[in-house]
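As the structure is a computational prediction, the values presented were derived from the model and not from experiment. Below, chain A is the first sequence line, B the second, and so on; all start at residue 1.
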Amino acid sequence: MTGKVCPDYLTIQSVVDNEEEDQAVLEHLDQCSACRKKEEEIRSMVFYANQLSSKERLPADFCDRLSERAVYQPFPALPFALALFAIAFASVYIIDPGYLNWWLTVGITSNIGLFLDTFFELLYFGINTEPVWIILFLATLVLIEVIILSGIKRLEGVIK
Amino acid sequence: MQDIVKEMVEAHGDSVYRLALRYTGNRNIAQDITQETFLKAFKRINSFDHDKPAKPWLLKIAGNLCKNYLRDNREIPVDFIEAMEKPDQANPEQLYINKESETELMRAVKNLPDKYREVIMLKHVNELSYSEICEVLGLELSLVKNRLYRGRLMLKDELLKQGGISS
């Protein structure tokens with residue numbers, strides 16, 4: 001920046017906000033009346049915007065009230081996993097006990113490694129996610145499985 | 001509550017509260033939003049980079065909560081807006097004048113487009129530097145400067161149009 005070139009509004013605004021320390025700009029503002037006028041306009045805008053500032057403070061008991069709500073609750077991974085497996089088992093058994101054997105030997109169990117990996121990743125993900133989303137997602141998976149198995153059972157009945 | 005969150009409340013609680021108060025105009029709602037902000041911070045403390053300053057991170061959470069609040073409560077009644085505590089506030093008459101100006105100010109702020117309002121709030125309510133505003137909003141410096149300039153201009157025009165605050 002040379003002393004002859006007028007800075008733009010954004011540069012002058014940076015000076016007003018104490019964000020610009022370029023000596024050439026500061027010197028230019030001292031010398032150029034047109035730029036000083038721009039500076040005054042910006043200072044006026046800043047005056048109006050400064051009405052937004054306040055000295056409000058949080059109530060003294062805020063931290064205590066927050067502490068009451070912020071109780072650490074670890075995600076109940078084990079009971080949650082057991083419950084899901086129990087639901088899956090029960091749902092398959094109720095449809096047809098025979099399918100339980102199928103499910104354990106050739107069905108989803110054939111890809112059990114993949115499912116377990118996914119399951120544990122979801123549990124890990126659950127630490128930073130609302131548990132309700134995880135439960136909904138896994139419950140949907142169980143529901144899909146139940147629907148598929150019901151469909152197979154119906155189809156088998158038709159074939160017989 | 002983890003000590004680090006407690007430290008955050010002590011260091012930045014008032015700043016988060018002032019932002020929420022400016023967005024909502026109501027102390028009870030602002031306190032609820034401030035609580036929610038720190039509860040979210042508490043939950044996500046493992047994902048927070050401890051080498052970085054906490055203030056922009058907290059203000060980002062608070063800003064999002066405030067925007068959600070405004071989206072869900074588009075019509076904030078005028079009676080709902082409370083006068084803020086200013087350094088020069090001295091007597092009931094002054095309090096009344098403040099309340100009047102607060103209403104005008106809230107209206108003017110509300111009429112600003114969101115992208116200008118958020119920059120103005122961070123600069124004038126939370127007194128953040130340009131680089132901190134860039135960090136909170138994930139914007140380039142030139143864009144922040146531009147929005148700040150245009151936002152200030154719009155705010156001044158709005159206030160002059162309403163005649164609520166005299167210079």
When you measure from the side chain of B:R18 to the backbone of A:E56, do you find a donor-acceptor pair of N or O atoms at a distance under 3.5 Å? yes
To the nearest 0.5 Å, what is the distance between CD on A:E19 and CG on B:L141? 8.0 Å
Please classify the contact between A:Q13 and chain B as side chain, backbone, both or neither, with a heavy-atom cut-off of under 4.5 Å. both
Spacing of A:S54 atom OG and B:R22 atom CZ [to the nearest 0.5 Å]: 6.0 Å
Atom NZ of residue position B:K115 - does it have more than 12 heavy atoms of other residues, nucleotides or ligands inside 6.0 Å? no
Under a 4.5 Å cut-off applied to non-hydrogen side-chain atoms, are A:M45 and B:L155 in contact? no
Contact class of B:T34 relative to chain A, heavy atoms under 4.5 angstrom: both
Find out whether B:H124 and A:V46 are in side-chain contact, i.e. whether some heavy atom of one side chain is under 4.5 Å from a heavy atom of the other. yes
If you measure from NE2 on B:H12 to CG on A:L58, what distance do you get to the nearest 0.5 Å? 13.0 Å
Sort B:N126 into side chain, backbone, both or neither according to what part of it lies under 4.5 angstrom from a heavy atom of chain A. neither
Top contributor to chain A contacts, counting heavy-atom pairs under 4.5 Å, from B:I120, B:V125, B:V109, B:L153: B:L153
Got B:R27 and A:P59 here, is their nearest side-chain heavy-atom distance under 4.5 Å? no
Straight-line distance of A:D17 CG to B:S129 OG, nearest 0.5 Å: 10.5 Å
From CG (B:L19) to CG (A:L52), nearest 0.5 Å: 10.5 Å
Salt bridge flag under 4.0 Å for residues A:D8 and B:K145: no
About how many Å separate CD of B:E127 and CG of A:N50, when rounded to the nearest 0.5 Å? 8.0 Å
Cut-off 4.5 Å, heavy atoms of chain A, and the answer for B:V16 is neither
Can you say whether the rings of A:F62 and B:F38 are parallel (under 30°), tilted (30 to 60°) or perpendicular (over 60°)? perpendicular
